[in-house]
Amino acid sequence: MEASESTITTTDHRPLPKWYPIWNGKPWYNGNPEALAWLLDGVGRNISFVGAGAFLGTALLRVAKESLGCPTEALEDGGPIPECQGRVLGIKPSSLLTTYTMLVGVTSAALLPLMGAIVDYTRHRLLFGRITSALFCISIFPLIFLNENNFTAMAIVQVVSSFIGWAQTELTHSYLPELTDDEMVLNEYTKTYTMAFFSSAVVYLIVVIGSVTLAGHGDDDLLTSQVGMVLSFGINIVLLPTAWGRLFEKRERKHKLPEGGKLWSAGFVQLYRTGRHIATNYRALKWFYLAVAMSDSGVQALATIAVTYMTDQLQFTARENGVAIVIILIGCVPGAVLSSYVTRKLDPIKSSIGSLALLIVAITLVAILLVGPGHFIETYVLCFFLGVGSGWKWTNDRLLAATVIPEGQDAELMGFFLFSGQCLSWIPPLVYTAINEAGVSQRVGIASLNVYLLLSVFCFLCMGGYQRAREEVGRSSASENDEDLTEASKSELDGTEITSS
């Protein structure tokens, strides 16, 4: 018997909104409104981040170069375009994207402990989420009006928007482990989130690219950016207020703030204590978090650096950059499948090293082969392999984060895992910007990303083997491990999250 709107209730028997979506007579997520809120919030933010990277970043760089009178079209002989030596806000146009990525990396890493303190020590998680979601939508709106006269102001607005987006991301993630007490149900939730994030990003990119192409303006980066930002704003202004205004619920504080403690420093104190405890008692886990810090810093910077290089050196338009990002997203799917296969054949640590090896090879080939305009096929092929390596890496990271930690400390150490992945994200953009500002080839800057991946490989090797890492934290013995690993690998494959910076 199909349920009517008047009889649909939440998981704790409260009435659901009349507009709550129903499929085959049943409410989505079994009537769990916060599970739907998590989906809506994530889809909106993901589309905004993808649109800013694919379209806005390309337009900013192109408009900045044109304002300085620098060439932006391919030379007749097909050779590389001369480097633009002019300055915007004191830096080269080709350093704009990496500079604002560096600023966002620093602020988001510093912000994470504060957001954790708000979640742990106050009752204001929902209030802060509503504030950040409103500010995020407001910050997207001005980006629609990017032009050659205001691009410096728009670059600053984008930095602020990204900062707010990361703050909101951290607040949203605090709800994830609280959506349900059933691990299998949570795995089903994350699987649907993955499919929704991936499919919505691909559809968004295709709609923007298709609309400007059909209108005959596929080579107009500024118009493509404006269309992308209009669509991004329209999606977020509907989804985020719905999630935070109607579906997410208030939470009580988890802990009482220690006497004499201050909210702004409580998160940093707890982070320090957790890090010291890990370094003292869990050798393999220490090296794992170091490996994540190194590899995540390189892979997260790859998106911004790739857009900069494709726009500045390969002369890709916003439409062509959008196609490249679609290909990277598509490559993440076989990457997740490959992760599951290699993990079962070997183990998660060896599989992680394999993913980094693939990324190192792909990045090296990018630096060697893509030397100027006209390399569309080579670029798209390498983008696919970068996507495979990224999907493989993210899947393995989450699997290890769940299987080499002491039982009963999942929530605390998941927060530390998130911080590890963010704390060094500002270093690769800083190094790339320094290389670019010094007049060294941007190909060297791209190749420099391999340094962080190689350091990550070294850290994984220092873990001493997967079985040893599990035994160190009191996990299963060798005879019990195979079945657990198979189940965990399957679970991580089902719940792989496709993310874009």
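Every residue two or more places apart in sequence or in another chain was checked for a side chain to side chain donor-acceptor pair (under 3.5 Å) with Ser355, and none qualifies. Listed by chain and residue number, Arg125, Leu171, Ser174, Lys254 satisfy the side-chain contact (heavy atoms from CB on, under 4.5 Å) test with Val119 (two or more places apart in sequence, or in another chain). The side-chain contact (heavy atoms from CB on, under 4.5 Å) check on Glu378 picks up Leu370, His375, with sequence neighbours excluded. Evaluation of the side-chain contact (heavy atoms from CB on, under 4.5 Å) rule for Leu36 yields Tyr20, Pro21, Trp28, Tyr29, Leu39, Leu40, Leu247 as partners, not counting sequence neighbours. Checked against ring pair (Phe, Tyr, Trp, His ring centres under 6.0 Å), Tyr289 has the following partners two or more places apart in sequence or in another chain: Phe416. By the side-chain contact (heavy atoms from CB on, under 4.5 Å) test, Val440 is found to be paired with Ile435, Ala438, Val444, residues two or more places apart in sequence or in another chain being considered. Qualifying side chain to side chain donor-acceptor pair (under 3.5 Å) partners for Tyr204, counting only residues two or more places apart in sequence or in other chains: none. Under the rule for a side chain to side chain donor-acceptor pair (under 3.5 Å), the partners of Lys350 that lie at least two apart in sequence or sit in another chain are Asp347.
Across every non-hydrogen atom of Glu249 and Pro33, the tightest pair is OE2-CG, 4.0 Å. When all heavy atoms of Gln158 and Leu56 are compared, the closest pair comes out as OE1-CD2, 3.4 Å. In terms of heavy-atom proximity, Ser297 sits nearest to Leu424 at CB-O, 3.3 Å. When all heavy atoms are compared, the tightest approach of Thr343 to Leu399 is CG2-CD2, 3.6 Å. Nearest heavy atoms, Pro429 versus Thr98: CB-O, 3.3 Å. Heavy-atom minimum distance, Ala109 versus Gln422: CB-O, 3.7 Å.
In this structure, Tyr193 has its ring center closer than 6.0 angstrom to the ring center of Trp38.
Annotation: salt bridge (Lys or Arg N to Asp or Glu O under 4.0 Å) contacts involving residues 288-306, sequence neighbours excluded, comprise Asp296-Lys393. Sequence neighbours left out, not one pair with a member in residues 297-309 passes salt bridge (Lys or Arg N to Asp or Glu O under 4.0 Å). Applying the salt bridge (Lys or Arg N to Asp or Glu O under 4.0 Å) definition to pairs two or more places apart or across chains, those involving residues 34-46 are Glu34-Arg251, Asp41-Arg45.
With Arg253 contributing its side chain and Thr122 its backbone, the two residues share no donor-acceptor pair below 3.5 Å. Judged by distance alone, the side chain of Trp392 and the main-chain N or O of Ser352 form no donor-acceptor pair under 3.5 Å. Side-chain atoms of Arg470 never come within 3.5 Å of backbone atoms of Val404 as a donor-acceptor pair (strictly under, hydrogens ignored). With hydrogens and angles ignored, the 3.5 Å screen pairs a side-chain donor or acceptor of Ser448 with a backbone N or O of Gly445. With Gln270 contributing its side chain and Gly116 its backbone, the two residues share no donor-acceptor pair below 3.5 Å. Between the side chain of Ser199 and the backbone N or O of Met195 there is at least one donor-acceptor pair closer than 3.5 Å.
Within the 4.5 Å cutoff, no side-chain heavy atoms of Phe163 are placed close to those of Val160. The closest side-chain heavy-atom distance from Leu285 to Pro406 is below 4.5 Å.
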Donor-acceptor pairs under 3.5 angstrom involving side-chain atoms of residues 381-391: please list them, not counting sequence neighbours.
unit_1 : atom_1 : unit_2 : atom_2 : d
Ser390 : OG     : Leu386 : O      : 2.8

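Between Thr395 and Ser339, the side chains place no donor N or O within less than 3.5 Å of an acceptor N or O (distance only, hydrogens not considered). Neither side chain, Ser200 nor Asn46, offers a donor N or O lying under 3.5 Å from an acceptor on the other. Side-chain polar atoms of Tyr466 and Thr403 form a donor-acceptor pair below 3.5 angstrom. Side-chain contact check for Ser351 and Asn396: at least one donor-acceptor pair (N or O, by modelled atom type) lies under 3.5 Å.
Within a 6.0 Å radius of CZ in Phe268, other residues, nucleotides and ligands contribute more than 12 heavy atoms.
Taken to the nearest 0.5 Å, the OG1 atom of Thr308 stands 9.0 Å off from the CD1 atom of Ile446.
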